[in-house]
Amino acid sequence: MSLRYFNKKEFTCTCGCGDTVISDELLEMLDEARGFAKVPFKINSGYRCVNHIESKKNPNSAHIKGLAADISCKDSKTRAIMIDALGYVGFERMGLGNTFLHVDIDKKKPSPVIWLY
């Protein structure tokens with residue numbers, strides 16, 4: 001797999017364990033969306049091991065399965081461009097926060113769906 005805009009290190013768990021378990025399908029979809037959007041996608045959070053503080057709060061998170069990413073987003077225009085690109089490449093699960101977008105490809109969860117944080 002060859003990625004144009006990302007490398008797997010960007011998706012490493014931030015708890016300090018250093019683990020990176022991330023879906024190739026997720027990476028390829030994010031890479032395609034980034035190319036379509038023509039704006040940077042900074043990954044805030046990718047994989048989260050079971051010991052990560054957020055995993056303990058939400059043990060059913062798609063991050064634990066390596067099927068999710070949170071992307072930094074600080075303004076409305078960029079958010080609209082990103083949402084358009086993410087939908088274009090096939091993301092059907094998105095969470096909208098004030099400063100980030102969550103996307104995941106967890107097929108065991110309802111889809112299509114958009115929620116607010």
Side-chain angles (χ1 to χ4, degrees):
M1 172 183 59
S2 176
L3 299 172
R4 185 170 178 190
Y5 300 103
F6 297 102
N7 65 62
K8 284 189 176 185
K9 290 179 186 176
E10 293 176 82
F11 299 86
T12 298
C13 182
T14 58
C15 83
C17 70
D19 290 345
T20 306
V21 178
I22 199 77
S23 160
D24 287 345
E25 180 183 2
L26 177 73
L27 293 175
E28 289 168 354
M29 288 175 73
L30 284 169
D31 207 59
E32 184 179 357
R34 165 58 184 90
F36 182 75
K38 296 184 177 33
V39 297
F41 281 26
K42 179 184 178 293
I43 304 302
N44 291 341
S45 183
Y47 174 67
R48 295 180 188 153
C49 75
V50 295
N51 295 317
H52 191 286
I53 189 81
E54 294 297 325
S55 296
K56 292 180 181 191
K57 290 180 194 175
N58 183 4
N60 296 317
S61 172
H63 287 276
I64 298 169
K65 301 173 192 175
L67 298 175
D70 293 344
I71 308 162
S72 178
C73 183
K74 304 211 182 205
D75 64 74
S76 300
K77 182 178 180 181
T78 304
R79 183 177 295 108
I81 291 167
M82 288 177 164
I83 289 170
D84 181 52
L86 293 162
Y88 177 77
V89 303
F91 281 101
E92 294 184 352
R93 293 183 45 80
M94 293 185 219
L96 310 180
N98 287 335
T99 60
F100 72 97
L101 296 173
H102 166 96
V103 291
D104 74 64
I105 57 169
D106 192 338
K107 291 173 178 45
K108 294 185 178 181
K109 295 186 176 186
S111 175
V113 63
I114 297 175
W115 65 91
L116 302 174
Y117 287 97

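One-based numbering along the sequence shown. Because only heavy atoms are used, hydrogens play no part in the values below, and waters and symmetry mates are left out as well, while side chains stay in. The model shown is predicted, which means the values in this text are computed figures rather than measured ones.
The line from CG of Leu86 to CD of Glu32 is 10.5 Å long, rounded to the nearest 0.5 Å. Note: Ile83 CD1 to Cys73 SG = 7.0 Å, rounded to the nearest 0.5 Å. Atom CZ of Arg4 and atom CG of Asp31 lie 8.5 Å apart (nearest 0.5 Å). Taking OG of Ser61 as the reference point, atom CG of Leu67 lies at 9.5 Å (rounded to 0.5 Å).
Listed by first then second residue, pairs satisfying side chain to side chain donor-acceptor pair (under 3.5 Å) with a partner in residues 87-100 read Glu92-Ser111, Arg93-Asp104, not counting sequence neighbours.
Taking all atoms of both residues into account, the shortest heavy-atom contact from Lys56 to Asn51 is CE-O, 3.5 Å. Of all heavy-atom pairs spanning Glu10 and Tyr5, the tightest one is OE2-O, 3.9 Å. Counting all heavy atoms, side chain and backbone alike, Phe100 lies closest to His102 at CD1-N, 4.0 Å.
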Check the pair Arg34 / Val89 against side chain to side chain contact (heavy atoms under 4.5 Å, CB included), numbers first and verdict last.
CA-CA 10 Å; Arg34 165 58 184 90; Val89 303; over 6 Å; no

Show, in sequence, the C-alpha distance, side-chain angles and deciding distance for Leu30 and Phe91, and conclude whether the side chain to side chain contact (heavy atoms under 4.5 Å, CB included) test is met.
CA-CA 9 Å; Leu30 284 169; Phe91 281 101; 3.9 Å; yes

Report the C-alpha separation of Leu101 and Arg79 in whole Å, then their side-chain angles, then the decisive distance to 0.1 Å, and conclude whether the side chain to side chain contact (heavy atoms under 4.5 Å, CB included) test is met.
CA-CA 8 Å; Leu101 296 173; Arg79 183 177 295 108; 3.9 Å; yes

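One hydrophobic cluster, built from ILVMFWY side chains closer than 4.5 Å, cannot hold both Trp115 and Met82; they sit in different ones. When the side chains of ILVMFWY residues are joined at heavy-atom separations under 4.5 Å, either directly or via intervening members, Tyr117 and Val113 end up in a single hydrophobic cluster.
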Name each donor-acceptor pair under 3.5 Å that joins a side chain in residues 35-46 to protein atoms two or more places apart or in another chain, with its distance.
{"unit_1": "Ser45", "atom_1": "OG", "unit_2": "Arg48", "atom_2": "NE", "d": "2.8"}
{"unit_1": "Ser45", "atom_1": "OG", "unit_2": "Arg48", "atom_2": "NH2", "d": "3.2"}

Do any side-chain atoms of residues 11-23 form donor-acceptor pairs under 3.5 angstrom with protein atoms, and if so which ones, sequence neighbours left out?
{"unit_1": "Thr12", "atom_1": "OG1", "unit_2": "Lys9", "atom_2": "O", "d": "3.1"}
{"unit_1": "Thr12", "atom_1": "OG1", "unit_2": "Thr20", "atom_2": "OG1", "d": "2.5"}
{"unit_1": "Thr14", "atom_1": "OG1", "unit_2": "His52", "atom_2": "NE2", "d": "3.0"}
{"unit_1": "Ser23", "atom_1": "OG", "unit_2": "Glu25", "atom_2": "N", "d": "3.1"}
{"unit_1": "Ser23", "atom_1": "OG", "unit_2": "Leu26", "atom_2": "N", "d": "3.1"}

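Judged by distance alone, the side chains of Asn58 and His63 never bring a donor and an acceptor atom under 3.5 Å apart.
Remark: the backbone N or O of Cys49 is paired with a side-chain donor or acceptor of Ser55 at under 3.5 angstrom.
Here the side chains of Lys65 and Ile105 are not in contact, with every heavy-atom distance at 4.5 Å or above.
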